[in-house]
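Notes for the one structure printed next.
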Amino acid sequence: MLNLLLLLLLCLSSFLSSLPQVQSATLPSDIYVLKALKASIKPNSISPWSCLGSWNFSIDPCSLPRRTSFICGVSCSPDSTRVTSLVLDPVRYSGTLTPLISQLTQLTQLDLSENSFYGPIPSSLSSLAKLETLSLRSNFFTGTIPSSLTKLASLVSLDFSNNALTGLLPVTLSSLSGLTTMDLSFNKLTGSLPKLPPNLVNLALKANSLSGSLSPSSFQGLTQLEVVELGANRFTGAVQAWFFLIPSLQQFDLSNNSFTSIEIQKLGNTKNSNLVAVDLGFNRIEGYLPVNLATFPQMASLTLRYNRFRGPIPWEYYKKVSNQSLRRLFLDGNFLNGKPPAGFFSTGSGSSVAGSFGYNCLESCPASSQLCLPSQKPTSVCRKVYGGRTSP
Ligand SMILES: *[C@@H]1O[C@H](CO)[C@@H](O)[C@H](O)[C@H]1NC(C)=O
Ligand SMILES: *[C@@H]1O[C@H](CO)[C@@H](O)[C@H](O)[C@H]1NC(C)=O
């Protein structure tokens with residue numbers, strides 16, 4: 001009985017699959033764009049085993065089932081008429097990105113990361129009204145970021161990191177009201193920070209040539225911002241209290257810039273702050289170590305290395321270590337003097353912190369402690385800084 005049923009099912013299914021395809025097919029203009037996309041890529045960079053290698057236009061791109069053609073790189077709408085996603089494999093396809101891509105108006109995802117695309121980012125991308133994810137990460141795109149892209153009202157995630165983009169950030173950047181993640185790190189962007197998109201959670205602009213000072217107007221109204229990476233740029237001026245108090249801020253990296261001061265004498269209430277990690281290393285910051293930094297309840301990692309700080313290591317920093325909050329403390333490469341709090345070098349609480357006090361002007365930093373490596377600056381250097389005295 002069961003066998004008979006199975007046989008019947010088999011017959012039925014083979015009959016169904018022998019019927020002519022009534023399924024709808026890809027919109028001709030979408031096929032045209034896919035052809036143009038493939039045609040703008042050097043054939044010798046398309047291996048037969050890659051996604052693009054499987055794109056055979058004698059077969060409809062969206063119609064199912066797929067066997068040997070369009071097995072990857074493209075996804076379509078449920079009715080198989082429109083291309084909704086282009087995610088190419090990272091196999092170093094080399095070519096330009098055709099401006100015709102703007103005709104794939106149902107596209108929600110465009111990801112060409114880790115290939116060898118070069119030339120400009122087409123400004124026509126701004127027509128992709130449904131685009132949520134745009135990643136051109138790790139290619140060789142040049143030219144500026146088209147300001148028209150700030151019209152992409154559905155955009156949630158933008159990643160142009162590791163290209164060779166130049167010029168300014170679009171002044172209208174803040175109109176990207178749905179954007180939560182933006183990574184433009186490792187390009188050649190210049191100019192100052194404009195007003196930022198209001199719902200950003202992650203901001204990364206590492207390793208560009210951005211300059212100017214941090215202005216509250218850039219960050220105004222950003223209540224979701226958790227991670228800020230602005231390291232290895234040319235920012236100058238003061239890092240002020242408002243920056244430390246950005247409402248949701250958890251970690252920031254402002255290292256390898258040219259900041260000259262931290263102005264947080266009047267910091268205000270830090271009780272509700274989520275700030276966990278601060279990196280201000282490799283700047284030109286002068287003055288005493290800010291005692292206030294120890295008032296952030298969650299602070300776990302503090303890097304102030306290679307600046308021009310003077311004076312003693314605050315006892316409050318040690319207290320933050322002894323109450324198990326602070327785990328990393330890098331203060332090396334400054335002009336700190338006096339005796340560091342002895343607790344740092346006791347076997348109990350002191351050993352729970354990783355970091356360095358090396359290459360300062362400290363007295364009695366025991367060589368037996370990892371924290372005291374590398375050794376302190378030559379006395380002659382410290383004398384010059386402290387006018388003959390190395391003690392406070
Ligand atoms: C493309 O598909 C057609 C139809 O199935 C087939 O005859 C042809 O050999 C394919 N071309 C390539 C390059 O695989
Ligand atoms: C910052 O500069 C230091 C010293 O030049 C270098 O070792 C480090 O890799 C740089 N960090 C970044 C993020 O560029």
Side-chain angles (χ1 to χ4, degrees), residues 6-125 127-142 159-160 162-163:
L6 217 72
L7 196 70
L8 212 78
L9 267 172
L10 265 171
C11 288
L12 190 73
S13 71
S14 69
F15 167 75
L16 279 177
S17 64
S18 69
L19 282 177
Q21 290 271 322
V22 285
Q23 202 180 18
S24 51
T26 313
L27 191 74
S29 63
D30 277 16
I31 298 178
Y32 179 73
V33 175
L34 295 180
K35 282 181 180 167
L37 180 85
K38 185 171 174 178
S40 62
I41 292 167
K42 289 176 186 160
N44 65 6
S45 70
I46 304 177
S47 94
W49 303 279
S50 65
C51 287
L52 281 182
S54 82
W55 289 16
N56 176 347
F57 290 98
S58 53
I59 290 160
D60 187 83
C62 288
S63 296
L64 293 169
R66 293 198 188 113
R67 293 200 173 87
T68 54
S69 298
F70 294 97
I71 50 175
C72 58
V74 48
S75 313
C76 300
S77 55
D79 68 357
S80 301
T81 60
R82 299 302 308 270
V83 174
T84 55
S85 157
L86 267 177
V87 180
L88 291 187
D89 40 346
V91 292
R92 291 290 164 208
Y93 296 122
S94 174
T96 57
L97 176 58
T98 172
L100 293 173
I101 196 100
S102 62
Q103 295 180 21
L104 297 177
T105 52
Q106 295 299 304
L107 213 56
T108 59
Q109 193 177 15
L110 176 60
D111 186 345
L112 309 178
S113 40
E114 293 178 51
N115 279 293
S116 298
F117 282 90
Y118 55 87
I121 297 174
S123 62
S124 64
L125 284 179
S127 316
L128 300 175
K130 298 198 169 173
L131 200 62
E132 293 167 11
T133 307
L134 175 55
S135 178
L136 306 178
R137 175 172 53 86
S138 297
N139 279 281
F140 300 105
F141 283 105
T142 50
D159 189 348
F160 290 167
N162 278 287
N163 280 283

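What you see is a predicted model; the values in this text were computed from it and never measured. As the structure lists them, so they are numbered: ligands from 1, and atoms in each ligand from 1.
Side chains of Ile31 and Asp60 form a contact here, defined as non-hydrogen atoms less than 4.5 Å apart. Looking only at side-chain heavy atoms (C-beta outward), Leu125 and Ile101 come within less than 4.5 Å of each other. Counting heavy atoms from C-beta on, the side chains of Gln103 and Asp30 never come closer than 4.5 Å. Under the 4.5 Å side-chain criterion, counting only non-hydrogen atoms from C-beta, Leu52 is in contact with Ile41.
The aromatic rings of Phe117 and Phe141 lie parallel to each other, their planes meeting at an angle below 30°, with 60° marking the opposite boundary.
Ligand 1 is surrounded by Asn56, Ser58, Ile59, each with at least one heavy atom closer than 4.0 Å.
Pairs of residues two or more places apart, or lying in two chains, never qualify as side chain to side chain donor-acceptor pair (under 3.5 Å) while including a residue from residues 31-43.
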